[in-house]
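Heads up: the structure comes next, in structure tokens.
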Amino acid sequence: MDHLPLKLAIDDRRPTLLIGFLEPSLINAPQSDERHWRFVYESFSDLAEQLKFYNQQLYLLQTEVQEFFTRLTEQYQIKIIFSHEETGIQITYDRDKAVAEFCKTNGINWTETPTGGVIRGIRKRNNWPKHWYSKMECLVENPEIEQLQSVKLKGSLINDLQVDSKFKTRHPSFQEGGESKAKLYLKSFFEVRVNNYNKHISKPEYSRKSCSRLSPYLAWGNLSMRQVYQAGKEASKNGGSKRNIQSFLSRLRWHCHFIQKFEMMDRYEYMNINPAYNEIRDNWSEQKYQAWETGNTGYPLIDACMKCLIETGYLNFRMRSMLVSFLTHHLWLDWKRGADYMASLFLDFEPGIHYPQFQMQAGTTGYNTVRIYNPVKQSEDNDPDAVFISKWVPVLKNLPLQFKHKPWTMTAMEENMYGVKIGKDYPFPIVDVKQTYKEASKNLWSIKNKRHTREEARKILALQNEEERVESGGD
DNA sequence: AGAAGTTTTCT
DNA sequence: GAAAACTTC
């Protein structure tokens, strides 16, 4: 039996799953840091390549994990497994229960470490921000991972496990994964890009440079929240733009806040958080849904956002919200299918942020204010020169500016003149947002004002702390 | 971190 | 008459 320590590495050196073979001096260090690692899945020689980002999150599920560990135990005697605590979705929770069972059966000590200041198993979030700050201020450990001696497994686990082939091809337009790339993004953000952070945060095109773009690295565990937080503090001290950095750092806290919230209330994933909204959107239209899903709604900014998301796996926060708003308010479709679909598109899918945000935007919490985005107003406000629209809906790129925002307002003569016929080259608007705005607004406000809805909202809020009330606008 | 409608303030 | 402030859904 081999007793060497075993490592699985992400990109250069990042452990994704550490499986220890009783070599305490070597395996203590990663335990004390909070950078996290997802379960991995491949014969080690292929890992550096495999763990670039894929076009979907790579989750090994229950049966695959069981087989993975069974395979490992055929070659090595496992004494201890380190992993991060993951605030995941139902299928990953089921997987973890299976892993725990496996460990118990085989006498393996599974040690999980907290992630991003999120606390497992609490009922109330009082003083949570203070806890978060103290976690972020802790020393960042730099374990000498390279000292760990790695060993190779025979064969290729991904191939053997028949993981869906879509996981195996990295989309060429995606950000590159790995810790070394993560550090380049971190550096360029705080040195240069952060200077336009507040100014560009809602702009679909310019946010792609001026936002950090660190979210995939955080989601995949190439960087820890603590590393990012401390890099921001350092940059601020060294003459960086204080206001911009401050805004960014406070969003890091909200990032973790929502994960904490989801950790404590996982039903955000699969049911309306407020049951008062259970029957409101019960007319499904596959045709409307497909138009949204493929970016063929006839509203240029909506379509541009969806096509961009499909192609690059990234959109800024506001444009994500707008897509949700269009689906749930203007098309008046239930959120669940769209939520799972968008989750599958995000390179930076983070369950704890995604599902609570989706429901908040869909208006199914009862305690957030109703927000119905007007896609034309958003387009004129946030993509005033239509650079983003022109890029992602190229059929519109030669139209005069006003028609890029509202192509359906062209006359037949103008359609001829510019060679774009609405209904043929680009769709008619699938709904009239002026009309759907009124209907959605009327429906949502009437439900929100019902006694029953308020009571349910109060019950949900009772489980939440003071900070939450600020967030929800004192509703 | 919404949008539309209405009232008040500023030029 | 436009911009800002405030209200309401």
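What's counted below: heavy atoms across the whole structure, side chains too, no hydrogens, waters or symmetry copies. Throughout, protein chains are lettered first and strands after them, A, B, ... in sequence-line order, and every chain is numbered starting at 1.
- Looking at the side chain of Gln378(A), the nearest of the listed nucleotides dA4(B), dC9(C), dG2(B) is dG2(B).
- For Asn374(A), a side-chain nitrogen or oxygen approaches OP1 or OP2 of dA4(B) to under 4.0 Å.
- Nearer the 5' end of DNA chain B, as judged by each residue's closest nucleotide, is the contact made by Ser202(A), out of Lys434(A) and Ser202(A).
- No cation-pi contact links Arg458(A) to Tyr367(A), judged by a cut-off of 6.0 Å to the six-membered ring centre and 45° from its axis.
- The distance between atom NZ of Lys438(A) and atom C1' of dG5(B), rounded to the nearest whole Å, is 12 Å.
- For Tyr341(A) and Trp335(A), the ring centers sit 6.0 Å or farther from each other.
- Distance, Tyr437(A) OH to dC9(C) P: 11 Å, rounded to whole Å.
- Between Lys442(A) and dC9(C), a side-chain N or O to OP1/OP2 separation shorter than 4.0 Å is absent.
- At a threshold of 4.0 angstrom between heavy atoms, the contacts of Arg320(A) with the nucleic acid are absent.
- Remark: Arg371(A) is not in phosphate contact with dC9(C), judged by side-chain N or O atoms under 4.0 Å from OP1 or OP2.
- When the C1' atom of dA1(B) is taken as reference, atom CD of Gln361(A) falls 9 Å away, rounded to whole Å.
- DNA chain B is contacted by no residue of residues 329-340 of chain A, taking any non-hydrogen atom closer than 4.0 Å.
- Considering only the side chain of Ser441(A), dC9(C) comes nearest among dA1(B), dC9(C), dA4(B).
- Computed from coordinates, the Met360(A) CE to dG2(B) P distance equals 13 Å when rounded to whole Å.
- Atom C1' of nucleotide dG2(B) and atom CH2 of Trp445(A) are separated by 10 Å, given to the nearest angstrom.
- For the side chain to side chain contact (heavy atoms under 4.5 Å, CB included) test with Asp383(A), the passing option among Pro204(A), Ser390(A), Pro300(A) is Pro204(A); the others fail.
- One interatomic measurement links the two molecules: CG of Asp381(A) to C1' of dG2(B), which rounds to 11 Å at whole-angstrom precision.
- No cation-pi contact links Arg251(A) to Tyr197(A), judged by a cut-off of 6.0 Å to the six-membered ring centre and 45° from its axis.
- Counting only heavy atoms from C-beta outward, the side chains of Ile201(A) and Asn316(A) never approach each other to under 4.5 Å.
- Atoms OH (Tyr373(A)) and C1' (dA4(B)) sit 16 Å apart, rounded to a whole Å.
- Note: NZ (Lys377(A)) to C1' (dA4(B)) measures 10 Å, nearest angstrom.
- A cation-pi geometry, defined here as NZ or CZ lying under 6.0 Å from the six-membered ring centre and within 45° of its normal, does not hold between Arg208(A) and Tyr314(A).
- Judged by Watson-Crick or G-U wobble contacts below 3.5 Å, the nucleotide dA1(B) has no partner.
- With dA4(B), dA1(B), dG2(B) as the choices, the nucleotide that has an atom nearest any side-chain atom of Trp254(A) turns out to be dA1(B).
- Residues Trp132(A) and Tyr229(A) bring their aromatic ring centres within 6.0 Å.
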